[in-house]
J.: 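This is the structure I have questions about; it appears just below.
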Amino acid sequence: MRLYWTSLWAIITREALRFIHQRERFVAALVRPLIWLLVFAAGFRAALGLSISPPYQTYITYETYIVPGLCGMIMLFNGMQSSLSLVYDREMGSMKLLLTAPLPRGWVLFCKLLGSTAISILQVYAFLGIAALFDITHPAIGYVTVLPALIVCGLMLGALGLLLSSFVKRLENFSGVMNFVIFPMFFLSSALYPLWKMAESSKLLHDICALNPFTHAVELIRFALYAQMNWPALGWSALALAVFMGAALLGYDPARARQR
């Protein structure tokens with residue numbers, strides 16, 4: 001057990017030091033959602049009407065609605081950024097040393113996943129703090145109850161990044177894959193508009209959004225910010241986490257690599 005905890009602490013510390021030395025990464029992670037919150041939301045506020053729907057008990061502004069989606073955006077981009085570092089480590093050779101440690105490969109990857117999730121959660125809370133300065137707030141208890149939801153969503157999106165990094169072998173190819181995954185997942189979700197709005201325009205798009213794991217991650221965060229539990233969203237997020245992590249472990253299986 002001491003060896004397991006030592007490896008966990010070492011990998012998380014390595015991720016933290018890498019994050020501290022890349023301060024522009026922290027700024028970039030906040031600039032993106034703040035532009036959506038302060039610029040795009042101001043234009044959409046008049047054009048997009050929002051009815052009262054759970055977890056909201058009254059009418060809300062559009063800025064309040066998109067905050068959970070922007071929290072999900074931070075975790076999505078950070079999950080992809082963390083997987084990009086895996087591709088870089090593999091090209092530099094440090095990933096090979098990490099995976100040959102006398103520990104189960106699944107534990108090593110899970111430690112990496114925990115490190116990236118912890119960084120994502122710090123970025124989300126920083127974003128929520130800045131949003132509060134612009135009078136976009138939530139119930140005080142919501143900032144506590146949202147933490148488990150952020151952990152589940154961060155692990156799920158980070159596992160997706162692990163899965164992608166197991167198939168992308170060259171660093172220059174990863175940006176295209178990131179765009180192919182990030183933007184469809186973000187825009188085909190409930191991050192920017194509720195699903196009932198999507199159903200009014202296209203039943204097919206509504207069904208695609210309902211199947212999107214990112215939609216359920218956003219809804220889990222949305223309900224948790226109001227100290228409510230969305231059990232279907234939790235179930236689908238946990239299922240996506242298990243599928244992505246299982247597929248990532250297969251992708252990093254050395255026997256499978258030799259067969260290829």
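Residue numbers count from 1 along this sequence.
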J.: Is it possible for you to say whether V243 and L211 belong to one hydrophobic cluster, with membership spreading through side-chain heavy-atom contacts below 4.5 Å?
T.: no
J.: For the atom pair SG (C71) and CD (Q123), what is the distance rounded to the nearest 0.5 Å?
T.: 11.5 Å
J.: Please report the shortest heavy-atom distance between A248 and S166, naming the atom on each side.
T.: O-CB, 4.4 Å
J.: Side chains of R32 and L70: does their closest heavy-atom pair fall under 4.5 Å?
T.: no
J.: Do Y143 side-chain atoms and G129 backbone N/O form a donor-acceptor pair below 3.5 Å?
T.: no
J.: Cut-off 3.5 Å, side chains only: do S116 and E15 have a donor facing an acceptor?
T.: no
J.: Of the non-hydrogen atoms in L225 and P68, which two are nearest, and what is the gap between them?
T.: CD1-CG, 3.9 Å
J.: Take L162 and F110, measure what side chain to side chain contact (heavy atoms under 4.5 Å, CB included) needs, and give me the verdict at the end.
T.: CA-CA 10 Å; L162 276 179; F110 184 68; over 6 Å; no
J.: Distance check, rounded to the nearest 0.5 Å: S202 atom OG versus I208 atom CD1?
T.: 7.5 Å
J.: For I221 and C153, work out which heavy atoms get closest and say how close.
T.: CG1-SG, 3.9 Å
J.: Please report the shortest heavy-atom distance between M75 and L150, naming the atom on each side.
T.: CE-O, 3.1 Å
J.: Report whether Y125 and V152 are members of the same hydrophobic cluster (ILVMFWY, side-chain heavy atoms less than 4.5 Å apart, transitive linking).
T.: no
J.: On a heavy-atom basis, which atom in A233 and which in L220 lie closest, and how many Å separate them?
T.: CB-N, 3.9 Å
J.: Distance from L109 atom CG to M245 atom CE, nearest 0.5 Å?
T.: 5.5 Å
J.: Run the numbers on Y226 and I141 for side chain to side chain contact (heavy atoms under 4.5 Å, CB included), then give the verdict.
T.: CA-CA 8 Å; Y226 289 85; I141 189 63; over 6 Å; no
J.: Can you check side chain to side chain contact (heavy atoms under 4.5 Å, CB included) on T145 and Q228, steps first, answer last?
T.: CA-CA 8 Å; T145 56; Q228 300 180 35; over 6 Å; no
J.: If you measure from CD on E219 to OG on S189, what distance do you get to the nearest 0.5 Å?
T.: 8.5 Å
J.: Would you indicate whether the side-chain heavy atoms of F183 and L188 approach each other to under 4.5 Å?
T.: no
J.: Establish whether M73 and L195 are linked, either directly or via other cluster members, by ILVMFWY side-chain heavy-atom contacts under 4.5 Å.
T.: no
J.: Taking side chain as C-beta onward, heavy atoms only, is L160 less than 4.5 Å from M185?
T.: yes
J.: Is any side-chain heavy atom of Y4 less than 4.5 Å from a side-chain heavy atom of L8?
T.: no
J.: For A210, is there any backbone N or O sitting under 3.5 Å from a side-chain donor or acceptor partner on T215?
T.: no
J.: Are Y62 and I35 connected into the same hydrophobic cluster when the rule is that any two of I, L, V, M, F, W, Y join if their side-chain heavy atoms are below 4.5 Å apart?
T.: yes
J.: Quick check with a 6.0 Å cut-off and a 45 degree axis cone: is R105 positioned over the face of Y252's six-membered ring?
T.: no
J.: Side chains of F77 and Q81: closer than 4.5 Å at any heavy-atom pair?
T.: no
J.: Does NZ or CZ of R222 fall inside the cone over Y65's six-membered ring, less than 6.0 Å from its centre and within 45° of the axis?
T.: yes
J.: Say you draw a straight line from CG of N78 to CG of L122; how long is it, rounded to the nearest 0.5 Å?
T.: 10.0 Å
J.: Begin from the C-alpha positions of M156 and F214 and carry the test side chain to side chain contact (heavy atoms under 4.5 Å, CB included) through to its verdict.
T.: CA-CA 9 Å; M156 186 264 285; F214 187 70; 5.8 Å; no
J.: To check you understand the geometry: which heavy-atom pair defines the closest contact between L128 and V67, and what is its length?
T.: CD2-CG1, 3.7 Å
J.: Any side-chain heavy atom of C111 within less than 4.5 Å of one from L114?
T.: no
J.: Could you see if L34 belongs to whatever hydrophobic cluster contains V27? Use Ile, Leu, Val, Met, Phe, Trp, Tyr and a side-chain cutoff under 4.5 Å.
T.: yes
J.: Any side-chain heavy atom of L157 sitting closer than 4.5 Å to one from F244?
T.: no
J.: Over 60° means perpendicular and under 30° means parallel, so tell me whether H216 and W236 are parallel, tilted or perpendicular.
T.: parallel
J.: Atom CD1 in I12, atom CG in L17: separation rounded to 0.5 Å?
T.: 12.0 Å
J.: Are side-chain N/O atoms of S120 and T117 paired as donor and acceptor at under 3.5 Å?
T.: no
J.: Within a strict 4.5 Å, meaning less than it, do heavy atoms of the P194 and K197 side chains meet?
T.: yes
J.: With distance as the sole test, does S237 use its side chain to make a donor-acceptor pair with the main-chain N or O of L234 at under 3.5 Å?
T.: no
J.: Short question: side chain of Y193, backbone of F187 - any donor-acceptor pair under 3.5 Å?
T.: yes
